[in-house]
Amino acid sequence: MIVLGIETSCDETAAAVVRNGRDVRASVVHSQVAAHRPHGGVVPEIACREHAERLPDVVAEAMRQARLTWEDLDAVAVTYGPGLASSLLVGLAGAKALALRCKLELVGIHHLEAHLYSVFLDPATPSPYALLPARALVVSGGHTCLLRVERDGSYRCIGRTRDDAAGEAFDKGAVLLGLGYPGGPAIEAAAKAGDPNAVRFPRGLQRRQTSPEGDDWRFDFSFSGLKTALLYHLRDNPPHATGMLAKQQRADLAASYQEAIVDVLVRKTLTGLSDERTVWLAGGVSLNGRLREHLAAEAALHGVRLVAAAPAYGGDNAAMIAALAGMGSGRRQVQSRDLDAEPSLPFDAGRLWPDVLTQGFG
Ligand code: KG4
Ligand code: ZN
C-alpha cells in the first residue's frame with residue numbers, strides 16, 4: 001500500500017510517501033523556523049499562512065522524489081489533531097482535495113500516535129513483535145506522555161505533564177537565557193560548554209505522590225517549577241553590568257537546566273518497569289543528545305534496550321503520518337470527506353495497528 005502523508009499541525013509543512021507502513025520513498029519537511037524566529041515562538045496566523053503557501057510545493061517535491069504519479073497512490077493520510085486549528089485545516093483541505101481528485105482513500109491520523117509509531121521508520125528497528133510490550137516516552141513541544149504499549153499494539157498513557165511539556169520547558173528556558181527560538185536545540189548547543197552540576201535545579205514530582213482524588217502521580221511530570229527556578233536564579237544572580245549573561249554563566253545554566261529536564265524524563269521513564277522488553281523514545285525532544293545518551297545508558301542498567309526514533313523522524317514529519325496509515329490505522333474514509341480537525345484530540349488510549357496485523361509480525 002502506497003500512502004502520501006501530509007503534516008501541518010504546527011510549524012513544519014511536510015509531505016511524504018511511504019510504502020507498506022515502513023518503506024519511506026520520500027520525506028520532505030519545510031521548517032517555518034525562520035518565519036517565527038523574529039517573534040520568539042510559533043505565531044498561529046503565520047503558521048497557517050506558511051502552510052497554505054508551501055503545501056502544494058512540498059507535496060509536489062515528495063511525489064517527485066518518490067518518482068511516482070498520482071495513479072500509483074492508494075491513499076492520502078493527514079494529521080487531524082492535536083495541533084493548531086487553522087494549521088490543521090490547511091493540511092485537511094489539501095488532503096481532501098487530493099483524495100477527491102485522485103479518487104483515493106482519505107485517512108485521518110493522530111499526530112501523537114504517529115510520533116509513537118515513528119520508531120519503526122528506522123530500517124534498523126526490528127518488527128514490532130520483537131519489541132513488545134514496551135514503555136514509551138513521547139516528548140514534543142506540546143506533549144510529554146509516558147505510555148505502555150502491549151503486544152497487540154494497544155497503548156495506554158500512564159503519565160503525562162501536569163503543566164508545561166518538556167519541549168515547552170526547553171523553549172521557555174531558552175527565552176529566559178536569551179538563547180532564542182527554537183529553544184531545545186539552542187539550549188543543547190549552549191550546554192555543550194557548560195557544567196551540568198553548576199546549579200541544582202528542582203526536579204518536579206520526584207517523590208511518590210497521589211492526587212487529592214487518590215490518583216497515582218508517580219508517572220506524571222511537572223516542569224513549570226523548573227522554569228520559575230531559572231527565573232529566580234537569574235533575578236538573584238543578575239547578569240553583568242552589560243546586561244548580557246557572561247558566556248560561561250549562560251553555558252552552565254543551559255547545561256544545568258537541560259540536566260534537570262533530562263534527569264526527570266529518564267527517571268520517570270524507567271520507573272516501575274515489569275515485563276517491558278524495550279523503551280521507545282520519540283517526538284521533537286528525542287533529538288536531544290544528552291537525553292538519548294542518558295536514557296540508553298540507564299535503560300541498559302535496567303536490562304531493557306532503548307529504541308529511539310531516527311533523527312530524521314524525531315521532529316515533526318509526514319513519513320510517520322503516511323507510515324501509520326499504511327499499517328491500516330487511523331480514521332479511514334472512502335466516500336465521505338467529513339473528517340474534521342480536532343485541535344485538542346486526547347492521547348489516552350488506543351491502538352497502533354488493527355487486530356489482523358498482529359499475527360503477521362514475526
Ligand atoms: O515533535 P515536535 O517537532 O513538534 C511538536 O509536535 O510539538 O517537537 C518540537 C519541540 C520543541 O519544543 C523543540 O524545542 C524541541 O522539540 N526540540 C528539542 C531539540 N530539538 C527540538 N528539545 C531539546 N533538544 C533538542 N535538540
Ligand atoms: Zn510533533
Side-chain angles (χ1 to χ4, degrees), residues 5-14 16 27 29-33 36-37 40-42 44 47 51 78-84 87-88 91 109-119 121 136-145 161 164-177 179-192 194 196 221 223 226-227 254-255 257-266 280-295 308-321 323-324 343-345 347:
I6 291 177
E7 156 63 42
T8 62
S9 67
C10 191
D11 59 345
E12 262 96 24
T13 312
S27 178
V29 180
H30 165 70
S31 164
Q32 300 180 359
V33 161
H36 298 288
R37 185 171 279 132
V42 179
H51 287 309
V78 61
T79 306
Y80 72 100
L84 300 170
S87 290
L88 290 167
I109 293 290
H110 189 308
H111 181 80
L112 296 165
E113 276 187 5
H115 270 306
L116 182 59
Y117 180 74
S118 68
V119 295
L121 290 175
L137 177 67
V138 176
V139 257
S140 71
H143 295 83
T144 302
C145 304
T161 184
D164 294 347
E168 203 176 346
F170 272 108
D171 294 337
K172 288 178 174 172
V175 170
L176 293 174
L177 291 170
L179 289 169
Y181 159 88
I187 287 191
E188 181 171 14
K192 288 207 159 57
F221 303 89
F223 292 108
L226 170 64
K227 173 192 62 191
Y257 189 83
Q258 171 177 266
E259 198 62 15
I261 297 175
V262 168
D263 189 21
V264 171
L265 290 176
V266 170
W280 302 1
L281 176 64
V285 181
S286 77
L287 298 173
N288 186 277
R290 176 70 188 135
L291 173 61
R292 280 178 181 245
E293 216 178 82
H294 194 32
L295 187 55
Y313 308 119
D316 284 350
N317 66 88
M320 63 185 190
I321 306 300
L324 193 55
S344 307
L345 190 60
F347 189 41

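Numbering of ligands and ligand atoms starts at 1, following listing order. Numbers for residues simply follow the sequence, beginning at 1.
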> At what distance is the nearest protein heavy atom to atom 26 (N) of ligand 1, and which residue and atom is it?
Replying inline: E188 OE1, 2.7 Å
> Pick from E12, R37, H51: which one makes a side-chain hydrogen bond (donor to acceptor under 3.5 Å, both in side chains) with Q32?
Replying inline: H51
> Which is closest to atom 11 (C) of ligand 1 in terms of heavy atoms, L287, I261, D171, D11?
Replying inline: D171
> Has ligand 1 got any nitrogen or oxygen that is less than 3.5 angstrom from a nitrogen or oxygen of G141?
Replying inline: yes
> What atoms of ligand 1 come closer than 4.0 angstrom to any heavy atom of G315?
Replying inline: 3 (O)
> What atoms of ligand 1 come closer than 4.0 angstrom to any heavy atom of H115?
Replying inline: 1 (O), 6 (O)
> Any donor and acceptor pair, going by atom type alone, linking the side chain of T8 with main-chain N or O of S87 inside 3.5 Å?
Replying inline: yes
>> Tell me the contacting part of H111 for ligand 1: side chain, backbone, both, or neither, using a 4.0 Å heavy-atom threshold, strictly below.
In response: side chain
>> Give me the nearest non-hydrogen protein atom to atom 24 (N) of ligand 1 as residue plus atom name, then the distance to 0.1 Å.
In response: N288 ND2, 3.0 Å
>> Below 2.8 Å, can you find an N, O or S atom of C10 next to the Zn ion (ligand 2)?
In response: no
> What residue and atom, counting heavy atoms only, is the protein's closest point to atom 18 (C) of ligand 1, and at what distance?
Replying inline: G184 CA, 3.5 Å
> Relative to the heavy atoms of G142, which atoms of ligand 1 are at a distance of less than 4.0 Å?
Replying inline: 7 (O)
> Looking at atom 2 (P) of ligand 1, what's its closest protein heavy atom, distance included?
Replying inline: D316 OD1, 3.5 Å
>> Counting non-hydrogen protein atoms only, what is the nearest one to atom 17 (N) of ligand 1? Give residue, atom name and distance.
In response: G284 O, 3.5 Å
> Atom NE2 in H111, atom CG in L324: separation rounded to 0.5 Å?
Replying inline: 12.0 Å
> Can you tell me the protein heavy atom closest to atom 15 (C) of ligand 1 and the distance?
Replying inline: V285 CG2, 3.9 Å
> Which atoms form the tightest heavy-atom contact between P82 and H110, and what is the distance?
Replying inline: CD-CE1, 3.7 Å
> Given NE2 of H111 on one side and NE2 of H115 on the other, what angle do they make at the Zn ion (ligand 2), to 10°?
Replying inline: 90°
> Does H143 bring an N, O or S atom to within less than 2.8 Å of the Zn ion (ligand 2)?
Replying inline: no
>> Within ligand 1, which atoms have a heavy atom of G167 less than 4.0 Å away?
In response: 12 (O)
